[in-house]
Visitor: 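Next up is a structure, given as structure tokens.
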Amino acid sequence: MGFGNKVFRSARQQAAFERSFAGRYQMLIKKNPFIFFGVPFCGMIVLGSYWLAGFTAVKFEREDRRIHELNEEDMLSLKKKQRKVDVKEEYYRLQGLADEDWEPVRVERFEGESENVW
């Protein structure tokens, strides 16, 4: 129709609409849009954030349960399981000098597989 999204109402229908909750609310929004639309909207955002804080707290509480402080007995058991560290041995191990007994071996290619040589 040519009216777009405006609904055509007869005089009786318009009077009934204006007496209904939706009609009165629509009139109030036209007069004071911030008070009757903006404030409830902002209030829902703030209250929703407060309500959802409980759900996010559960996530952090679960992480805190995973990471807990060690008591004295656990600390002693961890100390007993540690291996002795020799600085020279670690240096050679990190440098890869201790693994001198290897040779580079070329992996055989499948038939028809490219050599990937540029």
Side-chain angles (χ1 to χ4, degrees):
M1 302 269 317
F3 298 123
N5 45 349
K6 290 187 177 183
V7 179
F8 176 75
R9 298 183 184 102
S10 66
R12 187 182 316 155
Q13 289 175 333
Q14 184 65 28
F17 177 75
E18 287 173 359
R19 284 191 306 268
S20 71
F21 177 75
R24 284 183 280 151
Y25 190 68
Q26 190 176 44
M27 295 277 287
L28 290 172
I29 285 180
K30 283 182 183 177
K31 289 181 183 177
N32 299 317
F34 179 72
I35 292 173
F36 292 103
F37 185 77
V39 171
F41 182 76
C42 292
M44 283 178 28
I45 297 294
V46 169
L47 292 176
S49 172
Y50 180 74
W51 182 69
L52 289 173
F55 291 109
T56 56
V58 169
K59 179 177 108 175
F60 294 117
E61 288 170 3
R62 195 179 88 216
E63 287 292 319
D64 288 344
R65 269 187 257 128
R66 280 187 17 194
I67 303 166
H68 61 278
E69 284 190 36
L70 295 176
N71 57 16
E72 201 169 319
E73 293 172 8
D74 293 337
M75 290 287 280
L76 290 174
S77 67
L78 286 176
K79 287 237 181 222
K80 289 178 185 175
K81 292 179 184 177
Q82 283 183 341
R83 65 181 178 89
K84 302 285 186 201
V85 178
D86 182 26
V87 176
K88 282 188 180 182
E89 181 184 322
E90 288 297 313
Y91 173 76
Y92 288 119
R93 188 179 63 81
L94 290 173
Q95 293 296 320
L97 300 175
D99 302 327
E100 291 291 332
D101 57 343
W102 63 273
E103 290 183 26
V105 177
R106 179 144 178 106
V107 177
E108 292 186 27
R109 305 271 184 194
F110 294 117
E111 288 182 29
E113 190 176 357
S114 109
E115 288 290 324
N116 292 333
V117 177
W118 288 285

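Start at 1 with the first residue, then count along the sequence.
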Visitor: Just wondering, more than 12 heavy atoms not from R109 lying within 6.0 Å of its CZ?
Guide: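 Counting neighbours around CZ of R109, more than 12 heavy atoms of other residues, nucleotides or ligands fall under 6.0 Å, so yes.
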Visitor: Apart from I45 itself, what residues make up its hydrophobic cluster when side-chain heavy atoms of I, L, V, M, F, W and Y under 4.5 Å apart count as a link, directly or indirectly?
Guide: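 Via sub-4.5 Å side-chain contacts, I45 links to F41.
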Visitor: Working to the nearest 0.5 Å, report the span between CD of E18 and CZ of R9.
Guide: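 Separation between the atoms: 8.5 Å.
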Visitor: Tell me if the CZ atom of F37 is crowded by more than 12 foreign heavy atoms within 6.0 Å.
Guide: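 No, the 6.0 Å shell around CZ holds no more than 12 heavy atoms from other groups.
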Visitor: Show me the donor-acceptor pairs, under 3.5 Å and distance only, between side chains in residues 46-61 and residues at least two apart or in other chains.
Guide:
from	atom 1	to	atom 2	distance (Å)
T56	OG1	A53	O	2.9

Visitor: Closest heavy-atom contact between R19 and R24?
Guide: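 Minimum heavy-atom contact is O-NE, 3.2 Å.
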Visitor: Which atom pair, heavy atoms only, marks the closest approach of L28 to F36?
Guide: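 Looks like O-CD1, 3.5 Å.
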Visitor: F8 and Q13: which non-hydrogen atoms are nearest, and at how many Å?
Guide: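 Minimum heavy-atom contact is O-OE1, 4.2 Å.
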Visitor: Under the side-chain hydrogen bond (donor to acceptor under 3.5 Å, both in side chains) rule, collect the residues that match up with E90, sequence neighbours excluded.
Guide: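 E90 satisfies side-chain hydrogen bond (donor to acceptor under 3.5 Å, both in side chains) with R83, R93 only.
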